[in-house]
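Presented below is the structure to which this report refers.
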Number of protein chains: 2
Amino acid sequence: MKRNTWQREAVREALDAREGFVSAQGLHAGLRDAGSPIGLATVYRALADLAVEGEADSLQSPEGESLYRACSTGHHHHLICRNCGLTIEIEADAVERWAQQVASRNGFTQAQHVVDVFGLCDACSLREAPGTT
Amino acid sequence: MKRNTWQREAVREALDAREGFVSAQGLHAGLRDAGSPIGLATVYRALADLAVEGEADSLQSPEGESLYRACSTGHHHHLICRNCGLTIEIEADAVERWAQQVASRNGFTQAQHVVDVFGLCDACSLREAPGTT
DNA sequence: AGCGAGTTTGACAATCATTATCAATAAGGA
DNA sequence: TCCTTATTGATAATGATTGTCAAACTCGCT
Ligand SMILES: [Zn+2]
Ligand SMILES: [Zn+2]
Ligand SMILES: [Zn+2]
Ligand SMILES: [Zn+2]
């Protein structure tokens, strides 16, 4: 049976408190800094569980790290600033349909998909673009 | 200046010979099995270069490995069988436009996107589904 | 063909995120 | 409260990827 521990709750809360995506390492560091004695392995486990249960979204950063984020509800995708990490959830039925179509049209079943858009947010764009340096 | 070595050529050819995506480790193993004395680090470097030069596509497997594949030309996405690795290149202007739109509509610039569909191919679907096992 | 500066290679060490261990702890039903 | 057993966490192990650096090689030049 699944038990309730303060650790799992702590991870859930820490995740909720974040704006964008965080790595397990990052979240653990944050918790430790906040005084929690929670262990690293536990954070990994808790995040993996949350992701399975649908309470968290997960994706791979370009560097290969697994990133997590508290997930509102339902299936959606993300628009992520690769400079400051700002994340915006986006829904796009059109893309969902397209993915299904592409899959079945090619004889594929049990289709899943990875759809994420990375870029520079409004604010960060200004700092990168101006100087034609 | 960039020099031509048999190693780089070997990697390019080995990659062309593959059907789906391969990991650097996998490609290296294959080359070694074929009798080549090429080093692992070199394969990593060659693949990274090919990816930058646009001669290879790269993506992260769900397990976090970097996978590479000889890339025909131009920007496109993939439909990948998560059982046998069969890969189909797909183009979808609609998705490209959508990604751009989502980005700019939210003030993002320099948008890139990750769009891949995973599923079970025709053949693999049969072996997984039948027995309600 | 022979030379030499500058690249590239490759064996091996170093990183680094993630997973496995496993004894100690604590959750929750009886 | 007591017992069973899931969970925790310090630490070791794993495994992919990158860094190191001397030796080998490329290629323009003579
Ligand atoms: Zn930003
Ligand atoms: Zn979707
Ligand atoms: Zn491709
Ligand atoms: Zn298949």
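Just so you know, these numbers come straight off a predicted model, no measurement behind them. In the text below, chain A, chain B and the rest are named by the order of the sequence lines, each starting its count at 1.
- Residue Thr42(B) places no side-chain N or O under 4.0 Å from the OP1 or OP2 atom of dT8(C).
- With rounding to whole Å, Ile38(B) atom CD1 is found 15 Å from dA24(D) atom C1'.
- Per the geometry, CG belonging to Leu47(B) stands 16 Å off C1' belonging to dT8(C), to the nearest Å.
- The CH2-P distance, from Trp6(B) to dT8(C), rounds to 15 Å in whole Å.
- Checked for salt-bridge contact, Lys2(B) and Glu53(B) meet the test: a charged N lies under 4.0 Å from a carboxylate O.
- Residue Gln25(A) is classed as a base contact, given a heavy-atom separation below 4.0 Å to a base.
- Each of Arg32(A) and Gly64(B) was assigned the nucleotide of DNA chain D with the nearest heavy atom; the assignment lying further toward the 5' end belongs to Arg32(A).
- Remark: P of dT17(D) and OH of Tyr44(B) are 4 Å apart, rounded to the nearest angstrom.
- Toward the 5' end of DNA chain D, the nearer of the two residues Asn4(B) and Ser23(B), judged by each one's closest nucleotide, is Ser23(B).
- Arg8(B) comes within contact range of the sugar-phosphate backbone alone, with a heavy-atom separation under 4.0 Å but no base atom that close.
- Residue Arg3(B) is the one, among Arg3(B) and Gln7(B), whose nearest nucleotide of DNA chain C lies closer to the 5' end (criterion: closest heavy atom).
- As rounded to whole Å, 10 Å separates atom C1' of dT19(C) from atom CZ of Arg45(A).
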Problem - Steps toward side chain to side chain contact (heavy atoms under 4.5 Å, CB included) verdict (Phe108(B), Leu120(A)) - result: CA-CA 5 Å; Phe108(B) 278 58; Leu120(A) 290 178; 5.8 Å; no
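- The nearest whole Å value for the distance from the CG atom in Asp49(A) to the P atom in dT7(D) is 8 Å.
- Aromatic rings of Phe21(A) and His78(A) (six-membered ring for Trp) have centroids within the 6.0 Å cut-off, being under it.
- A sub-4.0 Å separation between OP1 or OP2 of dT17(D) and a side-chain N or O of Ser66(B) is present.
- Taking side-chain N and O atoms only, Thr5(A) has no distance below 4.0 Å to OP1 or OP2 of dA6(D).
- Rounded to whole angstrom, the span from the NE2 atom of His28(A) across to the P atom of dC16(C) amounts to 17 Å.
- Taking the six-membered ring where the residue is Trp, His113(A) and His77(A) present tilted rings, their angle falling between 30° and 60°.
- Test Cys121(B), Cys124(B), Cys81(B), Ser125(B) against Thr109(A) for side chain to side chain contact (heavy atoms under 4.5 Å, CB included) and you get one pass: Ser125(B).
- Between the CD atom of Glu63(B) and the P atom of dA16(D) there is a distance of 11 Å, rounded to whole Å.
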